[in-house]
There are 2 protein chains.
Amino acid sequence: MRTAEREGQVQWALEICRSQGLRHTHSLARILQELVKKDNPVNLSELNKVLQAEAECDPATTYRCLIKLERIGVVRRLGLHDRAAYYVLLTPGSHHDYLICTDCGSIDRIDMECPVHALEESLQKKSGFRKLYHELEFYGQCPKCQRDV
Amino acid sequence: MRTAEREGQVQWALEICRSQGLRHTHSLARILQELVKKDNPVNLSELNKVLQAEAECDPATTYRCLIKLERIGVVRRLGLHDRAAYYVLLTPGSHHDYLICTDCGSIDRIDMECPVHALEESLQKKSGFRKLYHELEFYGQCPKCQRDV
DNA sequence: ATACATGCAAACATTTTGCTTTGGC
DNA sequence: GCCAAAGCAAAATGTTTGCATGTAT
């Protein structure tokens with residue numbers, strides 16, 4: 001991804017934040033930048049490793065920011081197998097499924113057409129649930145970890 | 001599910017445990033019984049609420065049992081959204097996807113043909129991952145929680 | 001000026017481990 | 001009798017909250 005493209009995503013997110021009444025603070029901007037830069041689910045401690053190291057924001061702040069961002073629909077929180085919660089930026093039209101190694105925990109985005117969209121719609125009608133979305137992850141042992149046994 | 005059927009599942013699981021070298025203890029049997037009875041993903045604290053109350057087994061024991069059960073392929077650990085680890089019995093031929101309420105946390109099993117199986121196979125070839133399986137969950141707001149707003 | 005956001009520290013929840021004792025084989 | 005499993009208690013990990021202070025609007 002090009003720098004300009006990243007910058008655009010950050011701007012897009014900040015725009016939504018502003019329109020939803022969040023204040024434009026240094027912490028918020030930095031968190032969004034990191035999320036865009038990683039371009040993959042990240043958990044709190046990973047984020048904090050970067051941000052705290054630079055004394056740019058406190059873990060509690062990161063945590064609270066992410067909650068707000070989730071509430072306004074800018075990020076999504078994923079429950080991957082780890083004990084930690086993971087967060088991804090929800091840029092428009094971007095939905096991703098993941099391939100995760102049960103041994104080393106590596107997370108790869110799967111580039112394929114998601115096969116679940118159609119079902120999601122019919123399920124929404126059948127179940128009466130609202131605001132439906134899904135999470136799809138494949139787990140297994142990655143090539144590297146197969147060798148390391 | 002009928003009692004006899006349940007009993008059969010427990011026996012099936014115990015059989016595998018034995019063949020894999022696990023000892024047939026009271027705790028193990030009780031944990032399997034609970035898992036069969038719930039017939040839905042359960043987390044540690046739910047299990048312990050029942051088992052500890054009856055002084056039937058210690059949380060640490062439950063925890064360690066589940067790890068063993070997972071290792072030998074009798075249960076699967078799921079990473080649902082509330083960050084507690086959930087466990088389900090993996091009876092042969094049973095794969096389930098879930099519909100989960102983001103508000104109250106209710107977990108419903110979805111009775112539909114899983115649309116991901118075919119993809120799983122091709123992904124296994126393409127990625128070089130081994131022992132691939134997937135986890136698919138739909139999240140949304142259930143009818144009851146829509147009313148409660 | 002006001003309300004929201006931050007930082008720090010402490011509280012919580014849950015999982016994981018160490019060690020001694022018990023009990024299945 | 002031997003070794004895996006259980007029980008108890010403590011450590012580790014990660015999340016969440018309280019409160020005083022700072023800062024965007």
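Numbers restart at 1 for each chain; the letters A, B, ... are given by sequence-line order, proteins then strands. The analysis underlying the following values was restricted to heavy atoms, covering all of them including side chains, and did not include hydrogens, waters or symmetry mates.
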Q) Are any of B:T61's side-chain N or O atoms less than 4.0 Å away from OP1 or OP2 of D:dG7? A) yes
Q.
Would the base of C:dC4 count as contacting A:R23 through its side chain, where contact means a donor and an acceptor less than 3.5 Å apart?
A. yes
(Q) Between B:L44 and A:S27, which residue's closest nucleotide on DNA chain C lies nearer the 5′ terminus? (A) A:S27
Q: Please determine, for the side chain of A:A85, which listed nucleotide (D:dT15, D:dA6, C:dT14) has the closest atom?
A: D:dT15
Q: Take the protein atom NE2 of B:H26 and the nucleotide atom P of C:dG24, then report the distance between them rounded to whole Å.
A: 11 Å
Q: May I ask you to evaluate whether A:T25 reaches the phosphate of D:dA24, defined as a side-chain N or O under 4.0 Å from OP1 or OP2?
A: no
**Q.** Whole angstrom value for the distance that separates C1' of D:dA6 from CD1 of B:I67
**A.** 14 Å
Q.
Applying a 4.0 Å non-hydrogen cut-off, can you work out what A:S45 is touching in the nucleic acid: base, sugar-phosphate, or nothing?
A. nothing
**Q.** Comparing A:A60 and B:L28 on DNA chain D - which has the more 5′ nearest nucleotide
**A.** B:L28
(Q) Applying a 4.0 Å non-hydrogen cut-off, can you work out what A:A84 is touching in the nucleic acid: base, sugar-phosphate, or nothing? (A) sugar-phosphate
Q: Report the nucleotide, chosen from C:dT15, D:dT15, C:dT6, that has the shortest atom-to-atom distance to any side-chain atom of B:Y63.
A: C:dT15
(Q) Here's a test for you: under side chain to side chain contact (heavy atoms under 4.5 Å, CB included), which of A:T91, A:L32, A:L66, A:L90 qualifies with A:V74? (A) A:L32
**Q.** Plane angle bin for A:H117 and A:H134 - parallel if under 30°, tilted between 30 and 60°, otherwise perpendicular
**A.** perpendicular
Q: Look at the side chain of A:K68 and decide which nucleotide, out of C:dT14, D:dT16, C:dA5, has an atom nearest to it.
A: C:dA5
Q) Could you give the OH-to-P distance, from A:Y87 to D:dG14, as a whole number of Å? A) 13 Å
Q.
Just the rounded figure in Å: distance from P of C:dC12 to CG of B:D82.
A. 20 Å
Q: Round to a whole Å and report the spacing from CZ of A:R77 to C1' of D:dG14.
A: 11 Å
Q | Whole-Å distance separating the NZ atom of B:K49 from the P atom of C:dA13 | A | 13 Å
Q: Give a yes-or-no answer on whether the side chains of A:R6 and A:Q9 include a donor-acceptor pair shorter than 3.5 Å.
A: no
Q: Verify whether one side chain among A:H81 and B:E135 offers a donor that lies under 3.5 Å from an acceptor in the other.
A: yes
Q.
Can you see whether A:Y98 has A:R109 sitting over its ring - NZ or CZ less than 6.0 Å from the centre and within 45° of the normal?
A. no
Q. How close or far is atom P of D:dA5 from atom CD1 of B:I31, stated in whole angstroms?
A. 12 Å
Q | Side-chain-base donor-acceptor pair under 3.5 Å for B:R64 and C:dG18 | A | yes
Q: Find the distance A:R18:CZ to D:dA24:P and express it as a whole number of Å.
A: 16 Å
